Undergrad: 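The structure's right below; bear with me while I get my questions together.
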Amino acid sequence: MAIYLPLLAPALAAPFARPLSARLDPRHATWLLTAAALVLASASTSALGLLTLNALVRVPLVARLGHWSLTIVHHNDPASIVVASVAGVLLTACCGAVWLFTVRRVRALRASFAEAAYLPDTGMIVVDETAADAYALPGRPGRIVVSAGMLEALDEPGRMALLAHERAHLDHHHYAYTSVARLAAVANPLLWPLAVAVEYTVERWADEEAAHVVGDRRQVAVTIARAAIATKTRQPKTRIGLALGAVFGRLGTLSLSGAGPVPRRVAALLEQAPGRRLLLIAAGVVMLAVTCACLLEAANDLQDLLSLAHRHVHS
């Protein structure tokens with residue numbers, strides 16, 4: 001049944017999110033995972049919409065208004081009324097969650113731009129706080145905010161690496177990728193592993209940019225580790241939700257047994273820069289294409305069913 005594959009695809013893709021984030025170049029991984037999250041969320045939501053429409057056309061009033069034969073619809077409809085009804089409930093919940101997230105994200109974006117506009121237009125804004133913190137604040141232009149505590153925890157090369165990392169977040173608009181991935185995960189919770197992976201890959205992307213700027217991968221790795229330790233020791237205040245920081249906003253862990261984002265990033269920087277893996281990217285694109293093709297086939301099947309039911313009424 002073509003209509004069910006778009007609903008199943010997010011569950012099939014989720015286990016591959018973390019391996020892809022580790023094996024692909026961070027820039028390519030971010031592009032692929034963000035696109036996958038968006039396409040899969042759109043496809044699964046559209047599939048729920050098609051199933052919901054299957055339920056609606058069985059309502060006698062709707063069938064009369066559309067001039068469809070209920071006999072033909074009941075006999076040829078691939079989805080049971082129970083499945084279609086459950087799809088309608090899920091679609092309603094999905095739309096509500098997406099709307100709520102969008103409103104909150106827009107408010108956060110407006111707050112971020114307003115704060116960025118308020119702050120002075122300098123290369124780096126230092127706030128007088130003992131807690132270690134550093135983050136890129138989206139805006140037009142964005143701002144890099146670093147606490148005095150963070151600067152104290154790092155040496156001069158470390159400060160250069162930190163600045164390059166945060167600058168990469170702003171230059172490449174990483175907040176947009178994380179926002180899209182989170183929106184997709186809100187629409188379909190099965191996609192949360194992809195959203196988490198995108199949050200990791202944008203940090204890795206910034207790490208690689210910083211390593212290119214300072215010319216020393218090990219220096220960036222040491223900086224991340226020192227920043228994470230400093231942040232864990234002296235936790236900073238709550239920041240605006242769209243801000244991106246070098247240590248994941250305290251979401252990371254220093255425990256290798258837990259395979260958290262910070263030790264994974266440090267380990268990646270101590271190895272050679274990842275190369276292009278076109279085969280993996282192609283495999284991901286093919287999977288998305290197959291999902292979209294199944295959705296189009298399901299939509300075409302529903303159109304054919306309604307056309308047949310319409311002709312039967314007028315025959």
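For reference, positions follow the sequence shown, starting with 1. Being a predicted model, the structure only gives us computed values, none of them experimental.
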Undergrad: Just how far is it from atom CZ of Arg23 to atom CZ of Arg18, taken to the nearest 0.5 Å?
TA: 14.5 Å
Undergrad: Check the hydrophobic clustering (I, L, V, M, F, W, Y; side-chain heavy atoms under 4.5 Å; chains of links allowed) and say if Ile144 and Leu154 are grouped together.
TA: yes
Undergrad: Between the main-chain N or O of Pro138 and the side-chain N or O of Ser112, is there a donor-acceptor pair closer than 3.5 Å?
TA: yes
Undergrad: What's the shortest heavy-atom distance between Ala84 and Leu51, and which atoms?
TA: CB-O, 3.2 Å
Undergrad: For the CG atom of Leu170 and the CD atom of Glu166, what is their distance to the nearest 0.5 Å?
TA: 7.5 Å
Undergrad: Do Leu162 and Met150 have side-chain heavy atoms sitting under 4.5 Å apart?
TA: yes
Undergrad: Can Leu119 and Val145 be said to form a side-chain contact (heavy atoms from CB on, under 4.5 Å), step by step?
TA: CA-CA 9 Å; Leu119 295 173; Val145 182; 4.0 Å; yes
Undergrad: Among the clusters formed by ILVMFWY side chains lying less than 4.5 Å apart, do Val39 and Leu191 turn up in the same one?
TA: yes
Undergrad: Does Ala131 offer a backbone N or O that forms a donor-acceptor pair with the side chain of Ser147 under 3.5 Å?
TA: yes
Undergrad: To check you understand the geometry: which heavy-atom pair defines the closest contact between Val186 and Pro189, and what is its length?
TA: O-CD, 4.3 Å
Undergrad: Look at the side-chain heavy atoms of Ile, Leu, Val, Met, Phe, Trp and Tyr, link any pair under 4.5 Å apart, and say whether Leu151 and Val222 land in one connected group.
TA: no
Undergrad: Taking atom types as modelled, find out whether Glu203 and His165 have a side-chain donor-acceptor pair closer than 3.5 angstrom.
TA: yes
Undergrad: Roughly how far, to the nearest 0.5 Å, is NE2 of His169 from OH of Tyr177?
TA: 13.0 Å
Undergrad: Would you check, one step at a time, whether the test side-chain contact (heavy atoms from CB on, under 4.5 Å) holds for Ile281 with Arg277?
TA: CA-CA 7 Å; Ile281 297 174; Arg277 297 180 181 269; 5.7 Å; no
Undergrad: Taking all atoms of both residues into account, what is the closest heavy-atom pair of Asn188 and Pro10, and its distance?
TA: ND2-CG, 3.4 Å
Undergrad: Where do Glu208 and Arg27 land on the side-chain contact (heavy atoms from CB on, under 4.5 Å) test, with the steps shown first?
TA: CA-CA 9 Å; Glu208 292 296 334; Arg27 183 193 303 261; over 6 Å; no
Undergrad: About how many Å separate CG of Leu32 and CG of Leu280, when rounded to the nearest 0.5 Å?
TA: 9.0 Å
Undergrad: Hey, does Arg182 have a side-chain heavy atom less than 4.5 Å from the side chain of Glu199?
TA: yes
Undergrad: With a cut-off of 6.0 Å (strictly less than), are more than 12 heavy atoms of other residues, nucleotides or ligands near CE of Met287?
TA: yes
Undergrad: Grouping I, L, V, M, F, W and Y whenever their side-chain heavy atoms are under 4.5 Å apart, do Leu295 and Leu90 come out in a common cluster?
TA: yes
Undergrad: Do Leu48 and Leu12 belong together in a cluster built from hydrophobic side chains that touch within less than 4.5 Å?
TA: no
Undergrad: If I compare all heavy atoms of Cys94 with all of Thr45, which pair ends up nearest, and what's the gap?
TA: SG-OG1, 3.7 Å
Undergrad: For the CG atom of Asp25 and the CH2 atom of Trp31, what is their distance to the nearest 0.5 Å?
TA: 8.0 Å
Undergrad: Would you name the heavy atoms of Pro193 and Ala17 that are closest together and state the gap between them?
TA: O-CB, 3.6 Å
Undergrad: Please determine whether side-chain contact (heavy atoms from CB on, under 4.5 Å) holds for the pair Leu40 and Leu190, giving the CA-CA distance in whole Å, both sets of side-chain angles, and the decisive distance to 0.1 Å.
TA: CA-CA 10 Å; Leu40 293 177; Leu190 293 175; over 6 Å; no
Undergrad: Closest approach of Ile3 and Ala47, non-hydrogen atoms and distance?
TA: O-CB, 3.7 Å
Undergrad: Look up atom CE in Met160 and atom CD in Gln219, then write down how far apart they are to the nearest 0.5 Å.
TA: 9.0 Å
Undergrad: Would the distance check show the side chain of Arg217 and the main-chain N or O of Ala268 forming a donor-acceptor pair, the cut-off being under 3.5 Å?
TA: yes
